[in-house]
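The structure appears right after this line, and notes come after that.
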Amino acid sequence: APFVEFSDVWLAYNDELLAQNQFAVEAINLKVRQGEFIAIVGPSGCGKSTFMKLTTGLKMPSMGRIRVDGQPVTGPLKISGMAFQAPSLLPWRTTLDNVLLPLEIVEPHRSLLKKNRKQYEERARGLLATVGLAGYEKKFPWELSGGMQQRASICRALIHEPKMLLLDEPFGALDAFTREELWCTLRDLHAAQKFNVILVTHDLRESVFLADTVYVMSKSPGRFIVQREIDLPRP
Ligand code: ADP
Ligand code: ADP
């Protein structure tokens, strides 16, 4: 079974827009394999963020069905981790405590955290080391560069071992060198752990470098559709 399945999904943001047939996304059909890394590229306003909200259950479709990990999506999914263009670490928490944050919210970790703090800290340290942040555990966000904060925010998204990682333009604000370094880090993490990744980006080169499958989302007059699927060999 596919890990993510969209069957003829339409979304209007409210009833008024629905009455006017103003859909943010239209007729999305999509199947994502277990462990697949997909990228979605497309112009501003084509519906990429809306697609992410639908995939994580933050929005329910006006029409159509969405299944993730074999279940119909009925509300916000805890099996996903997210990172965005701004790293948005909490400034009063150290890097390590920022990475641990999702565990304080997501069950079953929340209940286990007190007993197993050491074990979870080890996992956080391990992730930080993977992204080149060993030795920065006790630093605060404002003591790190932008690229280092972004790496920490990817660790935070992965700390509860999500089955699905959602990335919305996570490298957009970085310089070219840092960006390409982080691409390699992400590719290694994905190769090692086989979680699903959904990456939204404006950067076609980035999508081709990272993803197993690239979807081009287009904006034809009044409608937003996943238009084309390209299967690409990894470089
Ligand atoms: P992208 O992420 O590709 O820039 P979005 O998913 O944000 O595109 O937007 C898709 C369409 O939905 C756009 O026409 C946008 O104006 C509209 N839209 C997005 N968010 C809302 C909202 N909260 N209320 C009404 N319309 C929205
Ligand atoms: P940026 O995001 O600003 O381009 P990077 O994340 O690529 O920077 O960091 C480049 C390198 O510079 C880091 O690997 C680190 O060795 C060093 N560095 C940057 N900022 C700091 C800092 N605040 N403290 C210590 N080292 C830093």
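Both ligands and their constituent atoms are indexed starting at 1 by order of listing. The first residue in the sequence is number 1, and the count goes up from there.
Under the 4.5 Å side-chain criterion, counting only non-hydrogen atoms from C-beta, L113 is in contact with Y120. For the pair P2 and L30, the minimum side-chain heavy-atom distance is 4.5 Å or more.
Inclusion of A24 in the set of residues having an N or O under 3.5 Å from an N or O of ligand 1 is not warranted. Considering backbone and side-chain N/O atoms, L17 never comes within less than 3.5 Å of an N/O atom of ligand 1.
A salt bridge is defined here as a Lys NZ or Arg NE, NH1 or NH2 lying under 4.0 Å from an Asp or Glu carboxylate O, and E161 with R123 meets this definition. E36 and K31 are not joined by a salt bridge, as no carboxylate oxygen comes within less than 4.0 angstrom of a charged side-chain nitrogen. Ion pairing between a basic and an acidic side chain is recognised when a charged N comes within 4.0 Å of a carboxylate O; R117 and D97 show such pairing. For the pair R93 and E137, the salt-bridge criterion is not met [side-chain N within less than 4.0 Å of a carboxylate O].
Set against the non-hydrogen atoms of S44, the atoms of ligand 1 under 4.0 Å away are 4 (O). Against a heavy-atom cut-off of under 4.0 Å, S49 is close to the following atoms of ligand 1: 1 (P), 2 (O), 6 (O), 7 (O). Using a 4.0 Å cut-off to heavy atoms of P43, the atoms of ligand 1 that qualify are 3 (O). Counting the atoms of ligand 1 from 1 in the order shown, those under 4.0 Å from a heavy atom of T50 are 5 (P), 6 (O), 9 (O), 10 (C).
In this structure, G45 has a heavy atom closer than 4.0 Å to ligand 1.
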